[in-house]
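Bear in mind the structure is a predicted one, so any value in this text is a computation, not a measurement.
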Amino acid sequence: MKKLMLLIAGGVGYVLGARAGRERYDQIKRTATRVKEDPRVQEKATQAADLAKEKAPGVKDAVVSAAGTAAGAASGAASAAADKVTPSGNGGHRSDLEDQLHPESTARQDNPYPQGDLP
């Protein structure tokens, strides 16, 4: 598939950059049309489409399963991070992380946006 795309890109690049004029462009266009209309190419294109239709449900199930696994892992990580910041049973007191914040940190300022004229 990568080789085919490379050949197509090369052909397009040649056509766009060719200085041979309209005759060469028409020759390349006729060749491309003949290849596209070749029964062997049509057969392979149909086989590729059929294979994609056949494999689509399995791919869908795999993607849904992977997304569910990723969502579960993210939820678990978020829960673990929340427990580290606010351990359960601390009565709503500040966590160790909050105590480590610098008092001048923008996260703790009432208005973290610069005021006045900027340089």
K.L.:
Applying side-chain hydrogen bond (donor to acceptor under 3.5 Å, both in side chains), name anything that partners Arg30, two or more places apart in sequence or on another chain.
P.N.:
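Residues passing side-chain hydrogen bond (donor to acceptor under 3.5 Å, both in side chains) with Arg30: none at all.
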K.L.:
Under 3.5 Å, side chain of Ser75 to main-chain N/O of Ala71, donor-acceptor pair present?
P.N.:
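Checked: no pair found.
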K.L.:
NZ/Lys29 to NZ/Lys36 distance, rounded to the nearest 0.5 angstrom?
P.N.:
10.0 Å
K.L.:
Enumerate the residue pairs fulfilling side-chain hydrogen bond (donor to acceptor under 3.5 Å, both in side chains) with a member in residues 45-59, sequence neighbours excluded, ordered by first and then second residue.
P.N.:
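Sorted pair list: Glu43-Gln47.
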K.L.:
Check which hydrophobic residues are tied to Val63 through side-chain heavy-atom contacts below 4.5 Å, counting indirect links as well, and list them.
P.N.:
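In the cluster with Val63 are Val59.
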K.L.:
Return the set of residues passing side-chain hydrogen bond (donor to acceptor under 3.5 Å, both in side chains) with Gln42 (not counting sequence neighbours), or none when no residue passes.
P.N.:
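If we apply the side-chain hydrogen bond (donor to acceptor under 3.5 Å, both in side chains) test to Gln42, skipping adjacent residues, there are no hits.
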K.L.:
For Gln27, does its backbone N or O pair with a side-chain atom of Thr31 as donor and acceptor, under 3.5 Å?
P.N.:
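Between the backbone of Gln27 and the side chain of Thr31 there is a qualifying donor-acceptor contact (under 3.5 Å).
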K.L.:
Applying salt bridge (charged side-chain N to carboxylate O under 4.0 Å, His left out), can you list everything that pairs with Arg40, at least two apart in sequence or on another chain?
P.N.:
Asp38
K.L.:
Which residues end up grouped with Leu7 if you chain together Ile, Leu, Val, Met, Phe, Trp and Tyr wherever their side-chain heavy atoms are less than 4.5 Å apart?
P.N.:
none
